[in-house]
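Start at 1 and go down the list; that is how both ligands and their atoms are numbered.
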Amino acid sequence: MKKTRREFFKNTALAGAGIAAGSLIPQADAATKRIKWDKEADVVVVGAGAVGLPAAIQARENGASVILLEAQKDVGGHAICSYGNVPLGGGTSAQKKHNIADSPDILFSDLTDWSVVVSNGFPTYRYNDKEVIRAFADNSAPTYEWLVAHGVVFVNKAPDNSGAMETGNSASREMHAAAMSWPRPDTGKPFPSAVGPITSHGIGLIRPLEVTARKSGVQILLEHKMTGLVRESPTSGRVLGLSVDNKGTKLNIRAKKAVIIATGGSTGNVNFRRIFDPRLTEEYNGVAGEPWSFQDASGELAAMAVGASLWGAYNQTGEFGSNITKTGYIGCQYGYRNLSWQPGSPVFHLARASGLGVGDWQNVILVNQAGLRFYDETVDQFGRNNHNAIKPYTPGSYLNPAKVKYDPRSMNFLNAALAGTGGSANGGGPIWAIFDADAVKREKWNPAPPNVDIEQGYFFTATTIAELASKIVMKYQPKGLPADALQNTVAKYNSFVDAGKDADFGKPSPKYKIQTAPFYAAWATPCVHDTRAGLRINGKCQVVDLNGQVIQGLYCGGESAGGFSEHGLARCTVQGRIAGKEAAAEKV
Ligand SMILES: Cc1cc2nc3c(=O)[nH]c(=O)nc-3n(C[C@H](O)[C@H](O)[C@H](O)COP(=O)(O)OP(=O)(O)OC[C@H]3O[C@@H](n4cnc5c(N)ncnc54)[C@H](O)[C@@H]3O)c2cc1C
């Protein structure tokens with residue numbers, strides 16, 4: 001039966017109202033329950049990062065009018081902070097030029113191989129969604145050529161494995177977007193002119209795409225944050241548009257054909273990320289890529305409020321790659337190992353400090369909130385799988401796991417850090433790097449602002465270890481460290497240095513005593529990074545609901561989408577293009 005206009009708008013208005021967060025309710029005219037649309041376009045893309053820019057350009061080039069919304073003051077998302085390593089394979093012109101054999105079928109086989117595991121035994125591809133991977137494999141090489149045709153310059157060298165994570169065993173696929181002379185988000189300055197063309201960085205991917213998007217007529221609206229989706233009725237019918245907050249002003253934007261969710265994942269949302277890993281409580285606040293942009297799960301929440309399903313949860317909980325990372329910069333909130341915010345950055349006021357880059361983990365001990373060491377400080381993080389990780393590699397062979405050197409010890413630093421100290425609280429609590437004046441000299445650190453964040457409690461100094469322990473008070477460590485425990489830990493560690501052996505955690509030949517004042521404590525809590533599970537999508541990047549039905553008019557890709565365990569930019573750019581093409585092809 002055909003709905004009357006009044007019934008239609010009545011049903012339309014409050015899709016998502018059952019969700020607790022009020023901000024997810026579409027901004028309808030409360031009196032009449034009618035949506036007043038402030039703007040409209042055929043396709044509305046939410047988020048201007050690695051998915052959103054290709055999606056917007058592709059939709060525009062396929063004839064759609066396009067609005068691209070971005071919550072922040074600038075475009076780029078985590079992609080512009082990234083190192084621009086883009087693992088596109090399946091037979092790219094770059095692979096052909098360097099005689100690297102690859103094809104869509106090889107790529108598909110690699111990324112769905114049940115038999116591949118990393119050195120702690122975790123399988124990296126076993127839980128990928130085959131429909132999603134097939135679409136990626138078929139569109140991977142064309143996306144490389146498309147990026148080149150749309151202004152992205154890749155460093156002129158053979159595809160390799162540098163920076164790659166979970167890109168498959170059969171071929172080298174990692175390409176590198178050249179930074180050229182674009183200013184960096186972390187420093188505010190470009191690389192020196194001699195190195196720009198040979199240095200990989202996300203600016204070399206994002207800025208050319210931004211130029212292309214603007215030229216092609218994509219309307220980019222900065223500081224426009226999507227707060228909810230509008231669907232015909234709460235969990236059925238088409239998605240019609242969305243609600244937006246623009247610096248406190250509420251708008252409704254109509255999407256005549258489709259909305260594309262390109263919001264970049266969920267690892268910055270504590271409640272959401274704990275769906276996948278209950279250990280990841282508030283203290284894991286050093287999300288890689290924040291504070292340039294925030295992975296707040298707003299895309300996932302808005303889509304779930306209109307019935308969308310999550311998908312591929314294992315890819316987020318599995319221990320591989322960089323879902324969680326050891327910190328690299330200590331004494332600041334945002335200590336991700338490959339990103340140090342400098343005072344010239346436009347977001348330095350949010351980051352507050354650059355951190356002290358650790359060159360040698362022999363120079364510090366790491367203690368938990370109880371003042372106790374918990375692992376060998378020199379051990380790194382989870383493994384990854386790439387070309388040549390298994391030699392010889394036979395796709396789908398039961399012998400493949402036997403060729404991986406099982407190394408549980410070196411893979412368990414992060415689990416020990418997240419283990420907690422015996423109480424009923426879920427998270428592991430803060431981790432502190434403790435060191436002395438001699439370590440500062442060896443590392444050539446300047447332990448003062450803007451390198452360290454004293455004001456917000458991420459860095460402390462004292463003349464004795466006991467005094468240092470009592471000073472370590474901040475939001476996530478409300479009571480300070482037990483002084484006795486920290487003194488004992490340091491004394492014991494110094495005895496290990498004398499003995500040349502770490503009897504507790506097997507740190508190879510502990511080198512340096514902690515003995516010369518002043519003493520320091522620097523925040524060294526692990527960082528969260530990749531989102532590899534999110535909304536359920538099909539091969540066309542259409543969002544699928546909890547009944548397995550496509551939600552008409554809603555698409556998603558990249559870190560907000562599920563079913564695909566691979567680090568970063570390749571899956572994002574490919575899925576952006578797929579979503580843009582399919583969305584433009586929808587009937588109005
Ligand atoms: C330091 C660093 C280095 C990296 N290096 C690499 C690398 O070398 N190779 C690689 O493959 N990957 C790398 N990555 C990962 C890669 O950058 C991400 O996987 C990729 O950028 C994700 O793309 P996306 O479009 O899903 O999200 P993003 O690129 O983060 O874009 C999402 C955008 O959506 C916006 N947004 C969010 N919510 C809303 C909302 N409600 N309304 C409007 N806008 C919203 C955000 O502000 C953001 O601009 C790196 C990441 C970091 C942080």
Side-chain angles (χ1 to χ4, degrees), residues 23-24 44-56 67-88 162-167 173-177 184-186 200-202 204-206 209-210 220-229 242-246 253 259-269 286-303 321-322 325 328 334 336-341 527-532 534 556-561 564 566-573 575-576 579:
S23 63
L24 291 177
V44 181
V45 183
V46 189
V51 176
L53 281 162
I67 290 177
L68 173 56
L69 303 174
E70 171 50 53
Q72 302 304 318
K73 290 190 168 123
D74 197 353
V75 302
H78 287 190
I80 203 170
C81 307
S82 80
Y83 273 80
N85 307 305
V86 194
L88 291 164
S162 175
M165 285 180 232
E166 284 73 65
T167 57
R173 300 184 168 117
E174 197 83 325
M175 297 300 300
H176 306 279
R184 296 165 57 173
D186 49 342
S200 185
H201 199 285
L205 177 72
I206 288 300
L209 292 180
E210 182 195 2
I220 301 180
L221 301 180
L222 300 174
E223 295 185 90
H224 280 66
K225 184 176 167 79
M226 176 191 67
T227 52
L229 288 164
L242 40 73
S243 54
V244 170
D245 182 304
N246 169 222
I253 302 183
V259 170
I260 301 176
I261 302 285
T263 45
S266 59
T267 51
N269 181 320
V287 182
E290 291 187 4
W292 182 269
S293 63
F294 296 86
Q295 288 187 312
D296 65 0
S298 52
E300 289 85 331
L301 288 168
S322 56
T325 71
Y334 298 103
Y336 175 57
R337 50 173 48 202
N338 294 326
L339 184 58
S340 166
W341 297 104
C527 301
V528 284
H529 189 349
D530 279 4
T531 311
R532 297 193 190 191
C556 179
E559 292 210 32
S560 284
F564 195 163
E566 183 179 83
H567 179 59
L569 299 169
R571 75 183 155 117
C572 296
T573 48
Q575 291 182 342

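Residue contact check for ligand 1: Gly576 places no non-hydrogen atom closer than 4.0 Å to it. At least one heavy atom of Cys81 sits closer than 4.0 Å to an atom of ligand 1. Using 4.0 Å as the threshold, Ala288 has a heavy atom nearer than that to some atom of ligand 1. Residue contacts with ligand 1 do not include Gly299, since none of its heavy atoms lies under 4.0 Å from the ligand. In this structure, Val46 has a heavy atom closer than 4.0 Å to ligand 1. Residue contacts with ligand 1: His529 is included, with a non-hydrogen atom under 4.0 Å away.
Under a 4.0 Å criterion applied to the non-hydrogen atoms of Ser293, ligand 1 contributes the atoms 46 (C), 47 (O), 48 (C). Using a 4.0 Å cut-off to heavy atoms of Gly49, the atoms of ligand 1 that qualify are 25 (O), 29 (O), 31 (O). Each of the following atoms of ligand 1 lies closer than 4.0 Å to a heavy atom of Tyr83: 3 (C), 4 (C), 5 (N), 6 (C), 7 (C), 8 (O). When each atom of ligand 1 is checked for a heavy atom of Ser298 under 4.0 Å away, the hits are 38 (N), 39 (C), 40 (C), 41 (N).
The shortest N or O to N or O distance between Ala79 and ligand 1 is below 3.5 Å. Distances between N or O atoms of Gly289 and those of ligand 1 include no value under 3.5 Å.
In summary, the side chains of Ser200 and Asn85 do present a donor paired with an acceptor at a separation below 3.5 Å, with no hydrogens or angles considered.
Between Met226, Glu566, Arg532, it is Met226 that holds the heavy atom closest to atom 40 (C) of ligand 1. The residue from His224, Gln72, Glu70 that puts a heavy atom closest to atom 46 (C) of ligand 1 is Glu70.
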